[in-house]
Structures are given as C-alpha cells and as structure tokens.
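Read through the structure below, which is laid out as structure tokens, and then see the notes.
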Protein chains: 2
Amino acid sequence: MVPSKTRDRILAAAARQFAHTGFRGTSLHDIAVEVGCSKATLLYHFDSKEAILVTLMEPAARDFVELDTRLRQLDVEAAREAAIEGFVDLVLRYRQEVALIYDTARQLFQQAPFEGYWPLVDNLTHVVAGRSTDPAARISAEVLLAGIAAIVIDRDEERDADLRPILVDVARRALLPRT
Amino acid sequence: MVPSKTRDRILAAAARQFAHTGFRGTSLHDIAVEVGCSKATLLYHFDSKEAILVTLMEPAARDFVELDTRLRQLDVEAAREAAIEGFVDLVLRYRQEVALIYDTARQLFQQAPFEGYWPLVDNLTHVVAGRSTDPAARISAEVLLAGIAAIVIDRDEERDADLRPILVDVARRALLPRT
DNA sequence: GTCTATAACTAGATAGAC
DNA sequence: GTCTATCTAGTTATAGAC
C-alpha cells in the first residue's frame with residue numbers, strides 16, 4: 001500500500017470507466033490510454049484487472065460494513081430511519097462504485113438498435129409521475145419503475161400473481177397523494 | 001423469417017443466457033453448446049450475435065410500443081393507473097428480456113470477491129422493511145432500495161443535496177404505514 | 001517505475017466441404 | 001442446414017530491457 005501518484009490515477013480512471021462501461025466492457029488498454037501509460041504499468045501497480053476492481057471498491061465496502069454495524073444496534077423504527085438515510089447517503093457518496101454494480105441498462109438500451117425506445121421510457125415515466133412538472137414526482141416515478149424492474153428480475157422464481165398486487169401497491173403508495 | 005426448430009432453440013438458449021450472464025458475458029460458443037450445434041450454425045440462422053439479441057427483443061418491444069400508444073390516449077389519472085399496471089405486466093411477462101437490460105448487480109456482486117456482502121444487503125433490506133415478516137413489506141423495501149440506487153446512477157449530474165430529500169421522501173411514503 | 005514485445009487465450013465471423 | 005477449420009482482432013498477463 002505504498003502511496004503513488006500513478007496508482008491513484010489508475011484507480012480514478014478505472015472507477016470512471018468501470019462505472020460508465022462496466023467491468024467487462026472496459027479493457028486494460030482503455031484505462032492505460034486515459035492514464036497515459038502502458039498496460040504493463042497498470043499491472044506493475046496491481047496484480048490483475050480484478051485487483052484494480054477490488055481496491056477501488058474498498059472505501060465503499062468499508063462504509064457499507066460500518067452502516068450495517070450501526071443498524072444492528074438500533075430498534076425497529078430507529079433502524080428503519082437510519083437505514084433509509086444511510087443507504088441514500090451511501091449511494092450518493094459512492095455513485096461510481098454503485099454504478100459499477102447496477103450498470104448495463106444505459107449501456108445496452110441507449111445505443112443502436114435500441115436507442116429509439118427512450119422516448120417511450122420517457123413518456124411512461126412522465127405518465128407515472130401524473131404528467132407533473134415537479135422534479136420530485138418525476139424522480140419518484142423513476143425510482144419506482146427502476147425498482148420494480150430490478151426486483152422482478154431478482155425474484156425470477158416468484159409467481160406473477162404473487163408479485164403483481166404487491167408491486168402495483170407499493171407504486172401507488174409511493175406515488176399517489178395521501179388522502 | 002422462415003420458421004425453424006433450430007432457430008427457435010437458439011433464441012430460447014440465447015434469451016436464457018443473456019438474461020443470466022449478460023450480453024457481453026455470453027459467447028456464441030456458450031449458446032452453441034446449450035443448443036447442441038456449432039457456432040457456424042448460429043451464424044447461419046442469424047447474421048451476427050447482435051442480430052440474435054435484436055430478434056429475441058422484438059416481441060417485448062412490440063408490446064412496449066403498444067402500451068405507449070394506449071397511454072397517449074388517456075387522461076392524467078387514467079393514464080397513471082394504466083401505466084403502473086401496464087408496466088408491471090410488461091416486466092412480468094418479459095422477465096428475461098428485462099433482465100438483459102437490468103443485469104449485472106447479481107453477476108458482479110454474487111461472486112468472489114464480493115459475495116460476502118450479501119448478508120449486509122439482506123440485513124439492510126430487512127431493516128428497511130421494518131423487520132417485518134410480511135413478504136409485501138420485504139418486496140417493497142427491495143423495490144425502493146434498487147430503485148434509489150438505479151436513479152442515483154442515472155442522474156449522475158444532479159447535486160446530492162437536490163436528490164437526497166426526494167429519495168428519502170419517496171422511500172418513506174412507500175414504506176411507512178399511512179397515518 | 002515504465003516501457004516494448006510477445007505469449008497465451010478467447011471472441012465473433014467466414015470459407016468451403018458435405 | 002450443419003459441420004470443421006481457419007481468420008482476424010481483441011483480451012489479460014508476462015518477460016526482460018532501460
């Protein structure tokens with residue numbers, strides 16, 4: 001762990017490119033070009049491409065462990081509040097690292113032959129936000145749509161009939177004005 | 001567009017593997033092995049790897065366009081209701097196709113050297129669900145966390161101070177029992 | 001610490017026999 | 001329609017000079 005200027009520039013370039021293009025989609029060549037060195041230099045500072053990934057994830061991982069430790073010492077409602085705010089703070093602080101985990105959607109969908117579908121995604125989000133011009137309504141709609149899509153994939157063994165009412169419900173609760 | 005048994009089996013294998021391992025993470029070799037044919041046979045039925053992707057996305061794309069057309073003819077509240085239910089139905093019907101777009105999280109995070117963090121993710125979700133045993137509470141929490149993470153990445157130009165209160169708010173609205 | 005050169009491998013795609 | 005063999009280009013990683 002000897003501090004090194006080149007080492008830090010490698011980490012910064014890798015974090016940016018992994019977040020933007022994904023781990024698999026980024027080559028050592030790409031990183032070397034941004035840093036302005038050779039691929040061999042990358043592999044002098046790090047044992048492998050994966051070692052770069054692990055190193056740049058370390059600070060985020062440390063903070064995540066710390067949040068987890070804190071939550072385990074609180075009771076139900078205090079923990080829920082701390083978890084909501086702690087999670088939001090965490091993903092805001094480590095955007096690139098989180099992007100590395102949740103990438104792809106933009107990658108694949110924003111380029112040929114699928115770029116033509118963005119207006120439809122945009123309109124769907126607009127409609128779910130109640131065609132409101134309030135940024136908060138728009139962002140809430142984005143959160144719900146992205147979250148629903150992510151969870152349907154994650155729970156790929158779950159029956160549609162079980163998931164459907166729960167998903168429709170959480171969207172309604174989050175989006176509709178309280179009565 | 002000549003119907004072909006081999007062609008259909010290629011599409012099914014590709015859909016399954018693209019959803020599971022991602023487009024970049026799946027090779028023509030992998031698909032050929034599952035189908036039980038050679039790479040050359042894949043490329044007899046489709047012009048390229050990308051052509052396979054485009055073809056298997058077609059039905060989902062058609063239904064998405066249809067939903068969009070329907071939404072444009074409804075007024076604000078009817079459209080919002082139709083959008084919520086229509087989107088849920090769409091992602092449930094085309095899980096593999098949606099997984100192809102929203103992959104990665106599992107891929108990277110569920111294997112070395114990061115598999116050790118799943119208990120933390122699990123606990124965070126459990127806490128956000130108010131430590132409830134109700135599946136609906138759990139799923140709602142998953143939707144919110146995944147959605148928040150996705151949107152923070154998407155809106156990478158937005159200032160933290162602008163996003164934070166909106167994200168905390170939508171999570172609270174969706175998760176806390178109504179008063 | 002950084003480089004050039006290259007090894008060792010894998011990818012998508014093509015040629016041509018059957 | 002399917003195959004084997006091959007091409008070309010890109011990948012991570014290593015060797016050894018400076």
Side-chain angles (χ1 to χ4, degrees), chain A residues 1-58 100-101 103-104 107-109 111-114, chain B residues 1-58 96-97 100-101 103-104 107-109 111-114:
Chain A
M1 246 314 215
V2 181
S4 155
K5 221 163 209 161
T6 303
R7 200 186 130 98
D8 290 345
R9 291 176 55 231
I10 292 168
L11 283 176
R16 204 190 62 74
Q17 293 202 38
F18 287 167
H20 188 264
T21 322
F23 180 71
R24 279 191 182 118
T26 302
S27 71
L28 294 182
H29 173 80
D30 298 330
I31 300 169
V33 167
E34 177 168 337
V35 174
C37 70
S38 70
K39 289 186 286 178
T41 298
L42 303 184
L43 293 166
Y44 166 79
H45 288 280
F46 299 92
D47 286 345
S48 65
K49 185 185 177 185
E50 183 172 301
I52 299 177
L53 171 67
V54 171
T55 303
L56 72 84
M57 284 297 225
E58 266 164 16
L100 211 168
I101 296 169
D103 58 47
T104 308
Q107 249 106 290
L108 183 73
F109 217 35
Q111 67 196 19
F114 297 112
Chain B
M1 250 303 220
V2 181
S4 154
K5 222 165 210 161
T6 302
R7 200 187 130 97
D8 291 344
R9 292 175 55 232
I10 291 168
L11 283 176
R16 204 190 61 75
Q17 294 202 39
F18 287 167
H20 189 264
T21 323
F23 180 71
R24 279 190 182 120
T26 303
S27 71
L28 294 182
H29 174 80
D30 298 331
I31 300 169
V33 167
E34 178 167 338
V35 173
C37 69
S38 71
K39 288 190 288 177
T41 298
L42 302 184
L43 294 165
Y44 166 79
H45 289 280
F46 299 92
D47 286 345
S48 65
K49 185 185 178 185
E50 183 172 302
I52 299 176
L53 172 67
V54 172
T55 304
L56 71 85
M57 285 296 225
E58 265 164 16
Q96 285 188 323
E97 288 78 357
L100 212 169
I101 296 168
D103 59 46
T104 308
Q107 248 107 290
L108 184 72
F109 218 35
Q111 66 195 20
F114 297 112

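Every heavy atom of this structure was used, including side-chain atoms; hydrogens, water molecules and symmetry mates were not. These figures come from a predicted structure and were not determined experimentally.
- Checking each of A:Leu100, A:Asp30, A:Val33 against A:Gln17 for a side-chain contact (heavy atoms from CB on, under 4.5 Å) leaves exactly one that passes, namely A:Asp30.
- When the P atom of C:dA11 is taken as reference, atom CZ of B:Phe23 falls 13 Å away, rounded to whole Å.
- In terms of phosphate contacts, B:Thr6 brings a side-chain nitrogen or oxygen within less than 4.0 Å of OP1 or OP2 of D:dT2.
- When rounded to the nearest whole Å, the span between NE2 of B:His45 and P of C:dA13 equals 16 Å.
- Between A:Ser38 and C:dC3 there is a side-chain polar atom (N or O) within less than 4.0 angstrom of OP1 or OP2.
- Nucleotide C:dG1 holds its P atom 12 Å from the CZ atom of A:Phe46, rounded to whole Å.
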For nucleotides 14-18 of chain D, tabulate all protein N/O to nucleotide N/O atom pairs closer than 3.5 Å, reporting atom names and distance.
none

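- What separates CG of B:Leu28 from P of C:dA13 is a distance of 6 Å, to the nearest Å.
- One atom, CD1 of B:Ile10, and another, C1' of D:dC3, lie 14 Å apart when rounded to the nearest Å.
- An OP1 or OP2 oxygen of C:dA11 is reached within less than 4.0 angstrom by a side-chain nitrogen or oxygen of B:Ser27.
- If you take NE2 of B:His29 and P of D:dT6, they are 18 Å apart, rounded to a whole angstrom.
- Across the interface with DNA chain D, nearest-nucleotide mapping of B:Thr41 and A:Glu50 shows B:Thr41 to be the residue nearer the 5′ end.
- For the pair A:Arg9 and A:Val35, the tightest heavy-atom approach, listed with the atom from each and the gap, is NH2-O, 2.5 Å.
- B:Lys39 places no side-chain N or O within donor-acceptor distance of the main-chain N or O of B:Ser27, the cut-off being under 3.5 Å.
- With rounding to whole Å, B:Arg7 atom CZ is found 16 Å from D:dT2 atom C1'.
- C:dA11 atom C1' lies 8 Å from atom NZ of B:Lys49, rounded to whole Å.
- At a threshold of 4.5 Å between non-hydrogen side-chain atoms, the residues B:Phe46 and B:Leu28 do not count as touching.
- A:Met57 pairs with exactly one of A:Thr55, A:Val54, A:Leu53 by the side-chain contact (heavy atoms from CB on, under 4.5 Å) rule, that one being A:Leu53.
- Taking side-chain N and O atoms only, B:Tyr44 has a distance below 4.0 Å to OP1 or OP2 of D:dG1.
- Every residue two or more places apart in sequence or in another chain was checked for a side chain to side chain donor-acceptor pair (under 3.5 Å) with A:Asp47, and none qualifies.
- When all heavy atoms of A:Phe18 and A:Lys49 are compared, the closest pair comes out as CE2-CE, 4.2 Å.
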